[in-house]
Amino acid sequence: MKRILRPAAFSLMGVIVLLLIVASVCGKLYGENFAVRYFYTAPWTIVLWAAAVVTATGYMLTVKMYRQVVTCLLHFSFVVILGGAMITHLFGKSGEIHLRLGEPSQQVLQSPVEASLQDFRLEYYAGTHAPMDYTSEIQLTGWNDTLNGQVSMNHILTFHHYRFYQSRYDTDGGGTTLSVSYDPWGIGITYCGYALLLVSMLMFFFQKGSRFRQLLRSPLLKVLVVALAMTGNAFGGQNTEPMPPTLQRPVAKTFGNLYVYYNNRICPVTTLADDFCTKLYGKPSYRGLTAEQVLTGWLFYYDEWKNCPMIKIKGDDIRQTLGITGKYACLNDFAGNGRYKLDSLLKVGNRNAQAADEKFRLVSMVSTGALLRIWCVPGQESGGDTPAMEWLTLTEPTPSYLPMEDRQFIAGGMNYVALCLMEGRNKEADRTLREIRSWQRRHLVVDGQPIIPNARFRAEQRYNSFRYTRPTAMACTTIGLLLFIVAIMLTARGKTINKYVCYGLTGLMAALWLLLSFALGLRWYVSGHVPLSNGFETMQFLAWMTSLITFVLCLRRSNSLMLSFGYLICGMTLMVSMMSSANPQITLLMPVLQSPLLTIHVAVIMIAYCLLAFTMLNGVAGLILHARNRRNGRQTDFAEERLQLLSQLLLYPAVFCLTAGIFIGAVWANQSWGRYWGWDPKEVWALITMLVYAAPLHTRSLSFLARPRNFHLYMVLAFLTVLFTYFGVNYLLGGMHAYA
């Protein structure tokens, strides 16, 4: 019976993985509803899951897994989770209800429950138009019972097993849309499965006779970690064009000290300047000029700067259309013979043309002052939910309700700066800019308190000037590559690198961790939330976690191979953080992202990715050693087996962290959207990754993975699922998690 159940159970899980991959692609091609109907929740898919559960349970009984209580409970928790999901699918109900102030009660999901909106409040981040939270006060009646309560983001209201979630609101502030779910048994059973899974995973590491404990006692164990990564760096040529005029650096710095409303938040002009320069040129500086000098150059010396080739263009077809031979175009290159050269390419949806057009429009907005919202004025009262402050650009008319003194200052302040610059009176321009900043600070007050503390404002400027990512990434990558090559060559000869060199590199890794800790801490202070909300921040956190793990594991016993992988992973993740956001923006969190569960969810999954990256590069090293042994006519040696052991040791906490992260994310989703699983592409591929990496945890059952070469090859190929989950889903499949 065991010979039948074992291949059946693992084969069915393999089929499920393939099914999920096909379904995610079909969801992109034909829509999410198609994928849900014909794949994810189709009857044949449910039968497939049920068959996998039955065969797996039967196999566990034949191998007497019940003798290992913790391992048995760990596997049983998945049965409970799937059972809860089945009950939710069969008996749960969900929908939406739209309520308006002053309108009659609405029936909820064809039930005896009725709901009415009593009040709606929309809260903004101070001094901005960015929503911080929205709250609906509703009255629920049914079964001779009445409940008055509040529903806001990440705060649900429950009434007789009906759960109400804040979904969206009407633009006029007079109505709200609530998500409603009814699932009296499914959620409870699923949560019990989550709890059982968490407890059993923690207990697994202490269970006598577990595979993890056996690996720890292995005589092959000499080190504890190994790791990953390869990157590159491109260098541009020198620009021999004459320098365009711009502000003197001290005056430009004073301009950068102004407050601006940008990206739905109040920040220094320095932040806007960095984004602008990087968007156009690819770097936060241009030919020795600071980002503030570039911004003010376009603002005050437009006629000269429009001939400056600093707009980076991608695509040979776009360069040919613009008539340029290099990578950079000037603003004048976009027009010719009375027409806009990109019109024809934009009509056919050319992505490179769209990117170039975006830069053209951005320059236009800066040069006219339309992007510079620096004038903060009290908002004209039109309701209790109206923001208390409005931000005007340099081109907008001054509101008539303002005092005459303020109207005159707004209308003439920046014009006087331009006049002073034209006449060469730089000191007078600098003094006027300082007066504008003083005027801003007097008006950036709510209830007698400054909206932005000066310390936080200065901290953001310090963060903008702290350009550590590129040099650190290059240094880590170079050290990692050189150390990896030397370590492999010496390992092949049975030698090791001098221990004092390893100690020095371990100390340098500690310094790297301190550097990243300072950078992330500063970003945390400036943004006001844990820096784990976008691709740049999560990759920076991954580098931080890698440096910490590498240092801790090398503290007692340094190892050159482990150190090389640590440096490579740090270099790769820092380089990817640069690619994921050329100049990452510090933004205010959307209301739904303010839950602490999000921070835990992302952090735990990033730890898992970090450990899986170690196992992948460990596999690369193992395959290199195997190829060397084959050339020398030898079979598997001690080094290959040791690397396999290290990967197996790291695989357990990696898979457990990935699993915990997935289900923590499910709890967060249930608290925010009313469903703990929505078949979003990122969710699906996270599940695929978990299932793929669960296979090598069962080397006793999958004998082909017990051989070092096969194991290392599998770990290298399996990492493709991690890469696709993190990057491929964002760029190819999309979905709600595309921002991640």
Side-chain angles (χ1 to χ4, degrees), residues 10 13-14 17-18 21 215 220 223-232 477 480-481 483-485 487-489 491-492 542 546 549-550 559 561-573 575-576 605-631 635-637 639-655 657-658 685-686 688-699 702-729:
F10 286 101
M13 293 310 300
V17 169
L18 293 176
I21 293 174
L215 292 171
L220 294 175
V223 290
L224 289 179
V225 167
V226 268
L228 145 84
M230 304 278 291
T231 60
T477 303
L481 283 173
L483 192 59
F484 176 74
I485 294 172
I488 288 294
M489 293 175 61
T491 300
L542 186 55
T546 300
I549 292 176
T550 304
N559 179 275
L561 196 59
M562 174 168 46
L563 279 169
S564 70
F565 289 154
Y567 277 106
L568 280 171
I569 293 177
C570 289
M572 183 207 70
T573 51
M575 197 71 72
V576 171
I605 286 185
M606 285 299 103
I607 293 172
Y609 287 171
C610 176
L611 295 174
L612 293 176
F614 274 103
T615 64
M616 187 277 286
L617 266 190
N618 201 17
V620 172
L623 292 175
I624 293 175
L625 291 176
H626 180 81
R628 181 211 65 180
N629 291 333
R630 291 291 298 274
R631 285 196 303 270
Q635 299 298 319
T636 301
D637 65 359
E640 280 187 75
E641 294 176 350
R642 186 185 67 180
L643 291 175
Q644 181 185 16
L645 171 65
L646 294 174
S647 288
Q648 289 175 323
L649 278 172
L650 292 176
L651 195 58
Y652 281 96
V655 174
C657 284
L658 179 60
W685 272 92
I688 291 171
T689 303
M690 185 191 76
L691 294 176
V692 167
Y693 275 102
L697 295 179
H698 300 81
T699 52
L702 300 173
S703 57
F704 76 97
L705 287 177
R707 292 188 288 274
R709 175 186 175 278
N710 295 344
F711 183 88
H712 291 314
L713 180 60
Y714 186 93
M715 298 309 296
V716 172
L717 296 177
F719 196 71
L720 295 176
T721 63
V722 174
L723 295 177
F724 193 87
T725 301
Y726 194 85
F727 300 107
V729 170

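For the single chain, residues carry numbers from 1 onward in sequence order.
Phe724 and Trp685 have tilted rings, their planes meeting at an angle from 30° to 60° on a 0 to 90° scale.
With a 4.5 Å cut-off on side-chain heavy atoms, Tyr609 and Leu658 count as touching. Using a 4.5 Å heavy-atom threshold, the side chains of Pro708 and Leu643 count as separate. Residues Thr477 and Tyr567 form no side-chain contact, since every pair of their non-hydrogen atoms from C-beta on lies 4.5 Å or further apart. Side chains of Met13 and Leu691 form a contact here, defined as non-hydrogen atoms less than 4.5 Å apart.
Note that CD of Gln648 is 9.0 Å distant from CE of Met715, once rounded to the nearest 0.5 Å. In this structure, CG in Leu649 is found 11.5 Å from CG in Leu611, a value given to the nearest 0.5 Å. Once rounded to the nearest 0.5 Å, the distance linking CE of Met616 with CG of Leu650 reads 13.5 Å. Atom-to-atom distance recorded for Asn710:CG and Leu702:CG is 11.5 Å, nearest 0.5 angstrom.
Residues passing the side chain to side chain contact (heavy atoms under 4.5 Å, CB included) test with Leu697 are Leu651, Tyr652, Val655, sequence neighbours excluded. Applying the side chain to side chain contact (heavy atoms under 4.5 Å, CB included) rule to Leu18 yields no partners; only residues at least two apart in sequence or on another chain are considered.
Ala718 approaches Tyr693 most closely through the heavy-atom pair C-OH, 3.3 Å. In plain terms, the two heavy atoms of Ala654 and Ala608 that are nearest each other are O-CB, 3.3 Å. Across all non-hydrogen atoms, the minimal contact from Gln644 to Leu705 is NE2-O, 3.5 Å. Contact record, Leu623 with Leu713: CD2-N, 4.0 Å, taken as the closest heavy-atom pair. Closest non-hydrogen pair, Pro696 versus Phe711, comes out as CB-CE1, 3.8 Å. Shortest non-hydrogen contact noted between Asn618 and Ser647 is ND2-OG, 2.5 Å.
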Begin with the C-alpha distance, continue with both residues' side-chain angles, and end with the deciding distance and a verdict on side chain to side chain contact (heavy atoms under 4.5 Å, CB included) for Arg709 and His626. CA-CA 7 Å; Arg709 175 186 175 278; His626 180 81; 3.1 Å; yes

Would you check, one step at a time, whether the test side chain to side chain contact (heavy atoms under 4.5 Å, CB included) holds for Thr615 with Phe719? CA-CA 9 Å; Thr615 64; Phe719 196 71; 5.8 Å; no

Evaluate side chain to side chain contact (heavy atoms under 4.5 Å, CB included) for Ile688 paired with Thr725, printing each intermediate quantity in order. CA-CA 9 Å; Ile688 291 171; Thr725 301; over 6 Å; no

Step by step, would you call Val692 with Leu717 a side chain to side chain contact (heavy atoms under 4.5 Å, CB included)? CA-CA 10 Å; Val692 167; Leu717 296 177; over 6 Å; no

